[in-house]
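Quick notes on the structure that follows.
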There are 2 protein chains.
Amino acid sequence: MTLDQHDLRILSVLQTNARIPIERLSEQVGLSTASVQRRLKRLRQQQTIAAEVAVVSPKRVGLAMTFMVSVELERDELRFLSEFKAKIKNEPRIQQCYYVTGDADFMLIVMTRDMEEFNSFVQEVFYGDKNVRRYKTSVVMERTKVGLELPLPTG
Amino acid sequence: MTLDQHDLRILSVLQTNARIPIERLSEQVGLSTASVQRRLKRLRQQQTIAAEVAVVSPKRVGLAMTFMVSVELERDELRFLSEFKAKIKNEPRIQQCYYVTGDADFMLIVMTRDMEEFNSFVQEVFYGDKNVRRYKTSVVMERTKVGLELPLPTG
DNA sequence: GATGAAACCGTTGACGC
DNA sequence: GCGTCAACGGTTTCATC
(Lines give C-alpha, C1' and ligand atoms only; values in the text may rest on other atoms or scores of the structure.)
Protein backbone atom coordinates (compact mmCIF):
# COMPACT_ATOMS: atom_id res chain seq x y z
CA MET A 1 0.00 0.00 0.00
CA THR A 2 2.92 2.35 0.58
CA LEU A 3 4.97 3.32 -2.43
CA ASP A 4 8.74 3.17 -2.62
CA GLN A 5 11.11 5.08 -4.84
CA HIS A 6 10.73 2.55 -7.64
CA ASP A 7 6.97 2.95 -7.70
CA LEU A 8 7.26 6.71 -7.74
CA ARG A 9 9.67 6.55 -10.66
CA ILE A 10 7.31 4.31 -12.59
CA LEU A 11 4.43 6.70 -11.99
CA SER A 12 6.60 9.66 -12.87
CA VAL A 13 7.40 8.23 -16.28
CA LEU A 14 3.89 6.98 -17.05
CA GLN A 15 2.39 10.35 -16.16
CA THR A 16 4.16 11.69 -19.21
CA ASN A 17 4.03 8.68 -21.50
CA ALA A 18 1.86 5.66 -20.82
CA ARG A 19 2.90 3.91 -24.03
CA ILE A 20 6.59 3.54 -23.28
CA PRO A 21 7.76 -0.08 -23.76
CA ILE A 22 8.25 -1.90 -20.45
CA GLU A 23 11.84 -2.57 -21.33
CA ARG A 24 12.73 1.10 -21.61
CA LEU A 25 10.66 1.88 -18.53
CA SER A 26 12.61 -0.79 -16.64
CA GLU A 27 15.89 0.79 -17.67
CA GLN A 28 14.80 4.17 -16.39
CA VAL A 29 13.57 2.69 -13.12
CA GLY A 30 16.53 0.36 -12.62
CA LEU A 31 14.57 -2.87 -12.20
CA SER A 32 13.92 -5.95 -14.32
CA THR A 33 10.99 -5.95 -16.73
CA ALA A 34 9.20 -8.60 -14.68
CA SER A 35 9.49 -6.56 -11.54
CA VAL A 36 8.17 -3.47 -13.25
CA GLN A 37 5.29 -5.53 -14.64
CA ARG A 38 4.32 -6.73 -11.19
CA ARG A 39 4.48 -3.23 -9.77
CA LEU A 40 2.45 -1.89 -12.66
CA LYS A 41 -0.25 -4.45 -12.09
CA ARG A 42 -0.39 -3.56 -8.41
CA LEU A 43 -0.47 0.18 -9.07
CA ARG A 44 -3.37 -0.31 -11.45
CA GLN A 45 -5.29 -2.58 -9.10
CA GLN A 46 -4.78 -0.22 -6.16
CA GLN A 47 -6.06 2.59 -8.34
CA THR A 48 -2.87 4.49 -7.71
CA ILE A 49 -3.01 4.64 -11.46
CA ALA A 50 -6.62 5.76 -11.71
CA ALA A 51 -6.81 5.69 -15.48
CA GLU A 52 -4.80 5.69 -18.67
CA VAL A 53 -6.18 8.12 -21.17
CA ALA A 54 -5.53 9.71 -24.54
CA VAL A 55 -5.03 13.47 -24.49
CA VAL A 56 -6.73 14.99 -27.51
CA SER A 57 -5.62 18.28 -29.04
CA PRO A 58 -8.49 20.80 -28.72
CA LYS A 59 -7.43 22.66 -31.83
CA ARG A 60 -7.55 19.53 -33.98
CA VAL A 61 -11.13 18.86 -33.05
CA GLY A 62 -12.25 22.45 -33.43
CA LEU A 63 -12.48 23.45 -29.78
CA ALA A 64 -11.05 26.93 -30.01
CA MET A 65 -12.38 28.57 -26.85
CA THR A 66 -11.64 27.99 -23.18
CA PHE A 67 -13.25 29.84 -20.29
CA MET A 68 -12.77 30.08 -16.56
CA VAL A 69 -16.12 30.60 -14.88
CA SER A 70 -16.59 31.29 -11.19
CA VAL A 71 -20.03 30.42 -9.85
CA GLU A 72 -21.75 31.52 -6.67
CA LEU A 73 -24.78 29.52 -5.53
CA GLU A 74 -27.79 30.44 -3.44
CA ARG A 75 -27.26 29.50 0.19
CA ASP A 76 -30.74 28.36 1.07
CA GLU A 77 -30.36 24.62 0.89
CA LEU A 78 -27.50 22.18 0.97
CA ARG A 79 -29.43 20.05 -1.47
CA PHE A 80 -28.63 22.60 -4.15
CA LEU A 81 -25.02 21.66 -3.87
CA SER A 82 -25.39 18.06 -4.91
CA GLU A 83 -27.92 19.00 -7.56
CA PHE A 84 -25.43 21.38 -9.06
CA LYS A 85 -22.59 18.88 -8.85
CA ALA A 86 -24.64 16.25 -10.66
CA LYS A 87 -25.41 18.73 -13.43
CA ILE A 88 -21.72 19.55 -13.79
CA LYS A 89 -20.72 15.94 -14.13
CA ASN A 90 -23.23 15.43 -16.91
CA GLU A 91 -22.16 18.47 -18.88
CA PRO A 92 -19.26 17.59 -21.20
CA ARG A 93 -18.45 21.23 -21.98
CA ILE A 94 -17.43 21.60 -18.33
CA GLN A 95 -14.04 19.97 -18.47
CA GLN A 96 -13.09 20.62 -14.89
CA CYS A 97 -14.75 21.87 -11.73
CA TYR A 98 -13.34 22.79 -8.33
CA TYR A 99 -15.31 23.55 -5.18
CA VAL A 100 -13.36 26.38 -3.56
CA THR A 101 -13.16 28.74 -0.58
CA GLY A 102 -13.53 32.49 -1.10
CA ASP A 103 -16.04 34.63 -2.93
CA ALA A 104 -17.03 31.99 -5.44
CA ASP A 105 -18.25 28.49 -4.70
CA PHE A 106 -17.10 26.78 -7.86
CA MET A 107 -14.45 27.40 -10.44
CA LEU A 108 -15.22 25.83 -13.80
CA ILE A 109 -13.12 25.28 -16.88
CA VAL A 110 -15.41 25.31 -19.90
CA MET A 111 -14.48 24.44 -23.48
CA THR A 112 -16.50 25.27 -26.57
CA ARG A 113 -16.15 25.51 -30.32
CA ASP A 114 -16.81 29.26 -30.39
CA MET A 115 -18.48 32.14 -28.59
CA GLU A 116 -21.88 31.18 -29.87
CA GLU A 117 -21.62 27.78 -28.24
CA PHE A 118 -20.51 29.37 -24.99
CA ASN A 119 -23.57 31.54 -25.10
CA SER A 120 -25.77 28.46 -25.48
CA PHE A 121 -23.89 26.83 -22.64
CA VAL A 122 -24.49 29.75 -20.30
CA GLN A 123 -28.15 29.84 -21.13
CA GLU A 124 -28.67 26.12 -20.69
CA VAL A 125 -26.61 25.65 -17.58
CA PHE A 126 -26.93 28.92 -15.64
CA TYR A 127 -30.05 30.80 -16.72
CA GLY A 128 -32.43 27.98 -16.07
CA ASP A 129 -30.87 27.22 -12.69
CA LYS A 130 -32.39 28.97 -9.66
CA ASN A 131 -29.47 27.73 -7.55
CA VAL A 132 -27.05 29.98 -9.39
CA ARG A 133 -26.89 33.42 -7.81
CA ARG A 134 -24.05 34.84 -9.84
CA TYR A 135 -21.34 33.79 -12.27
CA LYS A 136 -18.32 35.51 -13.73
CA THR A 137 -16.53 34.56 -16.93
CA SER A 138 -12.88 35.00 -17.87
CA VAL A 139 -11.76 34.15 -21.36
CA VAL A 140 -8.61 32.04 -21.56
CA MET A 141 -6.15 33.65 -23.97
CA GLU A 142 -3.57 30.90 -23.60
CA ARG A 143 -3.58 27.46 -22.05
CA THR A 144 -0.08 28.04 -20.75
CA LYS A 145 0.21 24.72 -18.95
CA VAL A 146 -2.35 21.96 -19.10
CA GLY A 147 -2.15 18.45 -17.74
CA LEU A 148 -2.85 16.13 -14.84
CA GLU A 149 0.75 15.48 -13.93
CA LEU A 150 1.41 15.41 -10.20
CA PRO A 151 4.57 16.59 -8.46
CA LEU A 152 6.07 13.29 -7.32
CA PRO A 153 9.04 13.15 -4.95
CA THR A 154 11.41 11.05 -7.05
CA GLY A 155 14.65 11.40 -5.14
CA MET B 1 -6.68 16.06 -41.88
CA THR B 2 -10.42 16.38 -41.27
CA LEU B 3 -12.00 13.93 -38.90
CA ASP B 4 -15.11 11.93 -39.62
CA GLN B 5 -17.57 10.34 -37.22
CA HIS B 6 -15.45 7.21 -36.90
CA ASP B 7 -12.40 9.21 -35.83
CA LEU B 8 -14.43 11.15 -33.30
CA ARG B 9 -15.78 7.96 -31.83
CA ILE B 10 -12.30 6.52 -31.50
CA LEU B 11 -11.10 9.65 -29.75
CA SER B 12 -14.15 9.69 -27.55
CA VAL B 13 -13.45 6.20 -26.26
CA LEU B 14 -9.71 6.66 -25.87
CA GLN B 15 -10.20 9.88 -23.93
CA THR B 16 -11.71 7.75 -21.19
CA ASN B 17 -9.71 4.57 -21.60
CA ALA B 18 -6.57 4.36 -23.69
CA ARG B 19 -5.94 0.71 -22.81
CA ILE B 20 -9.07 -0.77 -24.30
CA PRO B 21 -8.22 -3.68 -26.66
CA ILE B 22 -8.49 -2.72 -30.32
CA GLU B 23 -11.03 -5.42 -30.86
CA ARG B 24 -13.47 -3.95 -28.35
CA LEU B 25 -12.74 -0.47 -29.60
CA SER B 26 -13.55 -1.62 -33.11
CA GLU B 27 -16.88 -3.01 -31.97
CA GLN B 28 -17.82 0.29 -30.36
CA VAL B 29 -16.78 2.23 -33.45
CA GLY B 30 -18.32 -0.16 -35.96
CA LEU B 31 -15.21 -0.79 -38.06
CA SER B 32 -12.72 -3.62 -38.50
CA THR B 33 -9.70 -3.81 -36.24
CA ALA B 34 -7.36 -3.07 -39.14
CA SER B 35 -9.26 0.03 -40.05
CA VAL B 36 -9.24 1.27 -36.48
CA GLN B 37 -5.50 0.59 -36.34
CA ARG B 38 -4.89 2.67 -39.43
CA ARG B 39 -6.93 5.54 -38.05
CA LEU B 40 -5.24 5.28 -34.71
CA LYS B 41 -1.82 5.52 -36.32
CA ARG B 42 -2.89 8.55 -38.28
CA LEU B 43 -4.43 10.26 -35.25
CA ARG B 44 -1.22 9.78 -33.32
CA GLN B 45 1.01 10.99 -36.15
CA GLN B 46 -1.16 14.05 -36.72
CA GLN B 47 -0.93 14.80 -33.02
CA THR B 48 -4.69 14.78 -32.81
CA ILE B 49 -3.86 12.38 -30.02
CA ALA B 50 -1.24 14.57 -28.37
CA ALA B 51 -0.26 12.06 -25.70
CA GLU B 52 -1.31 8.96 -23.84
CA VAL B 53 -0.76 9.31 -20.13
CA ALA B 54 -1.40 7.62 -16.81
CA VAL B 55 -3.63 9.56 -14.41
CA VAL B 56 -2.29 9.16 -10.89
CA SER B 57 -4.48 9.47 -7.80
CA PRO B 58 -3.28 12.46 -5.75
CA LYS B 59 -4.45 10.91 -2.49
CA ARG B 60 -2.44 7.75 -3.06
CA VAL B 61 0.77 9.68 -3.45
CA GLY B 62 0.12 11.99 -0.52
CA LEU B 63 -0.90 15.12 -2.39
CA ALA B 64 -3.71 16.27 -0.15
CA MET B 65 -3.98 19.95 -1.01
CA THR B 66 -5.08 21.75 -4.16
CA PHE B 67 -5.17 25.52 -4.62
CA MET B 68 -6.44 27.96 -7.20
CA VAL B 69 -4.15 30.97 -7.34
CA SER B 70 -4.83 34.07 -9.39
CA VAL B 71 -1.73 36.10 -10.23
CA GLU B 72 -1.42 39.68 -11.39
CA LEU B 73 1.87 40.76 -12.93
CA GLU B 74 3.59 44.13 -13.18
CA ARG B 75 2.84 45.78 -16.50
CA ASP B 76 6.21 47.35 -17.18
CA GLU B 77 7.68 44.94 -19.66
CA LEU B 78 6.39 42.27 -21.94
CA ARG B 79 9.56 40.35 -21.26
CA PHE B 80 8.19 39.59 -17.79
CA LEU B 81 5.46 37.53 -19.37
CA SER B 82 7.71 34.97 -21.01
CA GLU B 83 9.96 34.90 -17.96
CA PHE B 84 7.00 34.07 -15.80
CA LYS B 85 5.71 31.45 -18.22
CA ALA B 86 9.07 29.71 -18.29
CA LYS B 87 9.12 29.59 -14.51
CA ILE B 88 5.64 28.08 -14.45
CA LYS B 89 6.56 25.34 -16.86
CA ASN B 90 9.53 24.36 -14.72
CA GLU B 91 7.57 24.24 -11.48
CA PRO B 92 5.95 20.82 -11.03
CA ARG B 93 3.70 21.95 -8.18
CA ILE B 94 1.91 24.17 -10.72
CA GLN B 95 -0.20 21.54 -12.40
CA GLN B 96 -2.05 23.88 -14.71
CA CYS B 97 -1.85 27.51 -15.75
CA TYR B 98 -4.18 29.67 -17.83
CA TYR B 99 -3.51 33.17 -19.15
CA VAL B 100 -6.83 34.94 -18.78
CA THR B 101 -8.73 38.17 -19.34
CA GLY B 102 -10.07 40.11 -16.37
CA ASP B 103 -8.56 41.28 -13.08
CA ALA B 104 -5.94 38.55 -12.89
CA ASP B 105 -3.41 37.68 -15.56
CA PHE B 106 -2.95 34.02 -14.71
CA MET B 107 -4.98 31.35 -13.00
CA LEU B 108 -2.90 28.57 -11.52
CA ILE B 109 -3.81 25.17 -10.13
CA VAL B 110 -1.25 24.24 -7.51
CA MET B 111 -0.91 20.89 -5.75
CA THR B 112 1.05 20.23 -2.59
CA ARG B 113 1.41 17.66 0.15
CA ASP B 114 0.22 20.05 2.88
CA MET B 115 -0.09 23.69 3.88
CA GLU B 116 3.54 23.89 4.83
CA GLU B 117 4.60 22.94 1.33
CA PHE B 118 2.23 25.50 -0.14
CA ASN B 119 3.87 28.11 2.05
CA SER B 120 7.28 27.15 0.68
CA PHE B 121 5.86 27.26 -2.82
CA VAL B 122 4.52 30.78 -2.38
CA GLN B 123 7.79 32.00 -0.97
CA GLU B 124 9.89 30.43 -3.70
CA VAL B 125 7.72 31.30 -6.64
CA PHE B 126 6.07 34.62 -5.74
CA TYR B 127 8.08 36.42 -3.05
CA GLY B 128 11.33 36.38 -4.95
CA ASP B 129 9.65 37.52 -8.17
CA LYS B 130 9.48 41.26 -8.81
CA ASN B 131 7.16 40.60 -11.75
CA VAL B 132 4.40 39.49 -9.43
CA ARG B 133 2.30 42.42 -8.26
CA ARG B 134 -0.40 40.50 -6.44
CA TYR B 135 -1.72 36.99 -5.98
CA LYS B 136 -4.82 35.57 -4.38
CA THR B 137 -5.26 32.01 -3.15
CA SER B 138 -8.40 29.90 -2.93
CA VAL B 139 -8.25 26.52 -1.27
CA VAL B 140 -9.91 23.70 -3.19
CA MET B 141 -12.29 21.83 -0.91
CA GLU B 142 -13.29 19.31 -3.54
CA ARG B 143 -11.97 18.41 -6.96
CA THR B 144 -15.50 17.94 -8.20
CA LYS B 145 -14.56 17.15 -11.78
CA VAL B 146 -11.01 16.71 -13.03
CA GLY B 147 -9.81 15.55 -16.41
CA LEU B 148 -8.71 16.53 -19.88
CA GLU B 149 -11.69 15.08 -21.69
CA LEU B 150 -12.99 17.24 -24.52
CA PRO B 151 -16.61 17.57 -25.59
CA LEU B 152 -16.59 15.75 -28.93
CA PRO B 153 -19.57 15.82 -31.28
CA THR B 154 -20.19 12.07 -31.65
CA GLY B 155 -23.50 11.92 -33.42
C1' DG C 1 13.68 -10.06 -6.92
C1' DA C 2 15.12 -12.90 -11.57
C1' DT C 3 14.28 -16.20 -15.46
C1' DG C 4 11.91 -18.47 -19.05
C1' DA C 5 7.79 -20.32 -21.46
C1' DA C 6 3.29 -19.77 -23.28
C1' DA C 7 -0.66 -17.10 -24.46
C1' DC C 8 -2.37 -12.86 -25.79
C1' DC C 9 -2.54 -8.42 -28.09
C1' DG C 10 -0.84 -4.71 -31.05
C1' DT C 11 1.41 -3.56 -35.28
C1' DT C 12 2.65 -3.82 -40.04
C1' DG C 13 2.36 -5.00 -44.73
C1' DA C 14 0.17 -7.44 -48.67
C1' DC C 15 -3.91 -8.51 -50.95
C1' DG C 16 -8.56 -7.77 -52.93
C1' DC C 17 -12.73 -5.10 -52.91
C1' DG D 1 -11.53 4.35 -48.42
C1' DC D 2 -12.72 -0.75 -46.08
C1' DG D 3 -11.98 -5.79 -44.88
C1' DT D 4 -9.21 -10.20 -44.36
C1' DC D 5 -5.14 -12.58 -43.52
C1' DA D 6 -0.49 -13.66 -42.14
C1' DA D 7 3.77 -12.58 -39.72
C1' DC D 8 6.44 -10.21 -36.25
C1' DG D 9 7.27 -8.12 -31.89
C1' DG D 10 5.93 -6.51 -27.51
C1' DT D 11 2.98 -7.47 -23.38
C1' DT D 12 1.01 -10.28 -19.85
C1' DT D 13 0.61 -14.16 -16.99
C1' DC D 14 2.30 -18.11 -14.88
C1' DA D 15 5.43 -21.30 -12.82
C1' DT D 16 9.96 -21.75 -10.99
C1' DC D 17 14.15 -20.56 -8.51
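In this text, all values refer to a predicted model and were calculated from it rather than measured experimentally.
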_Strictly under 4.0 angstrom, non-hydrogen atoms only: write out the protein contact profile of nucleotides 5-11 of chain D, one letter per nucleotide from the 5' end, B, S or -._
------S
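Y98(B) has its ring centre no less than 6.0 Å from the ring centre of F106(B). The aromatic ring centroids of F67(A) and F121(A) lie 6.0 Å or more from each other.
Salt-bridge annotation for D7(A) and R42(A): present, with a side-chain N of the basic residue lying under 4.0 Å from a carboxylate O of the acidic one. Between E72(A) and K136(A) no salt bridge is recorded (no basic side-chain N to carboxylate O distance below 4.0 Å). Ion pairing of E52(B) with R19(B) is absent here, as no side-chain N (NZ or NE/NH1/NH2) approaches a carboxylate O to less than 4.0 Å. Ion pairing between R79(A) and E83(A) holds under the 4.0 Å rule for side-chain N and carboxylate O. Contact check on D105(A) versus R75(A) returns a salt bridge, with a Lys/Arg side-chain nitrogen under 4.0 Å from an Asp/Glu carboxylate oxygen. Ion pairing between R39(A) and D4(A) holds under the 4.0 Å rule for side-chain N and carboxylate O.
In this model, the phosphate group of dC2(D) is not approached by any side-chain N or O of S32(B) to a distance below 4.0 Å at OP1 or OP2.
Read 5' to 3', the first and last nucleotides of DNA chain C with an atom closer than 4.0 Å to a heavy atom of chain B are dG10(C) to dT12(C).
Taking the six-membered ring where the residue is Trp, Y135(A) and Y127(A) present tilted rings, their angle falling between 30° and 60°.
Shown here for P58(A) and L150(B), the closest heavy-atom pair between the two residues is CA-CD1, 3.6 Å.
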*Whenever both distances are under 3.5 Å in a Watson-Crick or G-U wobble pair, mark it; put DNA chain D into dot-bracket that way, with [ ] for crossing pairs and | when the partner is on another strand.*
|||||||.|||||||||
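Between the CG atom of L31(B) and the P atom of dG1(D) there is a distance of 12 Å, given to the nearest Å. For the pair R38(A) CZ and dT13(D) P, the interatomic distance rounds to 12 Å; values are reported in whole Å.
Residue R24(A) is out of contact with every strand shown, counting any heavy-atom pair closer than 4.0 Å.
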